[in-house]
Amino acid sequence: MTLPDTNRQIIFARRPNGVPTPDCFALVTTPIPSVGPAQALIRNDFLSVDPYIRMRMEEKDSYAPVMAIGETLVGRTVGQVVDSRIDGFAAGDWVVGRLGWQDYSAAKAADLQKIDLAAAPATAYLGALGSTGITAWVGLMTFGRPQAGETVLVSAASGAVGSVVGQLARLQGCRAVGIAGGASKCALVKDEFGFDDCIDYKSPTFVEDLARAVPEGVDVYFDNVGGPILDAVLPRLNNFARIPLCGLVSQYNATEPYGVKHLREVFNRRVTLRGFVLSDHKDLWPAATAALANAYGAGRLKYRETITDGLENAPQAFIDMLGGSNIGKQLVRLRAA
Ligand SMILES: NC(=O)c1ccc[n+]([C@@H]2O[C@H](COP(=O)([O-])OP(=O)(O)OC[C@H]3O[C@@H](n4cnc5c(N)ncnc54)[C@H](OP(=O)(O)O)[C@@H]3O)[C@@H](O)[C@H]2O)c1
């Protein structure tokens, strides 16, 4: 295969204040990475665009390292090996890895995982069958501990993680209720992902609608958003409810942190609120991967993708995703089919 002369990368150009703007990013051309000993060269086909990048753009204390100006944006990709000096990896193999916002990446075996396109399309390994689905499984099963008959409430329910959480909750025999932005997203959450109900947090009657949707209270609140939605949910929790706190996407662009008003409900109802980060739980990845693959193979796990074309459009896709433009997993196609 003939390689182009240059690689394209998106680098971090400026720290945002509030909502990121396109000038926070820059498209640069660099030489195609040289393949060192025990490395392979990967041509990336699809890029995963993830909310946590926004946290890394700020010089604030976080579980993830702060991004340096000039650094290539981090992100998982799927692609094909084009040259390999790794035993067991050959040109043409499909792989997934954290290879960054770029067309080509050089990587060692430990950073690559082979994927099976006979089992699922390549993009699924960035979404429901990849780290997105694993996040949903680890958070729900390990920290949510759902029991059949319980009510599981999920925010950002039409998004990548949230849509998987509700389906897993249903597979556990739970009642799954979503929270999403807008009537059409809520309809999709019910009709396509099979949630029992979904509440539009943008509606002026959100608090009353939420109370009506969970008449028996909430046993597990899988929180992807934090902020005012978390506040509205706290009074609806049952005694000994569990909150796997997966993320705070409503706060990532905020210049002032939201002050939670109903924290006393956590005490009153003896609630367990547990922040978790996927990378701390690598021991659970095999079990999660197997469970997700089984559910998908049995036709019991659906996923949606929002695909933006072109590496040069990745920054705008990221900005728009934080504002809720996506349904399911936000991806960028790096190479025309
Ligand atoms: N803990 C971990 O290891 C881990 C791993 C992966 C992801 N996460 C977290 O999981 C969450 C979901 O990630 P994802 O990749 O699945 O993204 P996603 O849900 O596919 O996309 C983000 C969604 O957030 C919603 N949103 C944006 N602003 C909001 C606001 N002010 N209030 C309520 N909802 C808002 C939007 O949906 P609406 O249109 O419904 O507003 C948007 O579609 C994020 O917080 C992310 O950081 C954590």
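Counting starts at 1 for both ligands and their atoms, in listed order.
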**OP:** Identify the residue among Leu284, Val138, Thr132, Val161 that makes a side chain to side chain contact (heavy atoms under 4.5 Å, CB included) with Leu278.
**Re:** Val138
Subject >> Mutual orientation of the aromatic rings belonging to Tyr303 and Tyr296 [parallel < 30°, tilted 30-60°, perpendicular > 60°] >> reply: tilted
Original post:
Does Val28 sit in a hydrophobic cluster with other residues, and if so which ones, taking ILVMFWY side chains as linked at heavy-atom separations under 4.5 Å, directly or through other members?
Top reply: Ile11
Original post:
Is there a side chain to side chain donor-acceptor pair (under 3.5 Å) between Asn253 and Arg54 once you walk through the steps?
Top reply: CA-CA 7 Å; Asn253 284 333; Arg54 179 64 186 83; 2.7 Å; yes
Subject >> Those protein residues which place at least one heavy atom below 4.0 Å from ligand 1 >> reply: Pro51, Thr135, Ala156, Gly159, Ala160, Val161, Ala180, Gly181, Lys185, Tyr201, Asn224, Val225, Ile229, Cys246, Gly247, Leu248, Val249, Ser250, Tyr252, Phe276, Val277, Leu278, Met321, Leu322, Gly324, Asn326, Gly328
Original post:
Taking C-beta and beyond as the side chain, do Thr6 and Thr30 meet within less than 4.5 Å on heavy atoms?
Top reply: no
Subject >> Side-chain heavy atoms of Arg98 within contact of Arg76, under 4.5 Å >> reply: yes
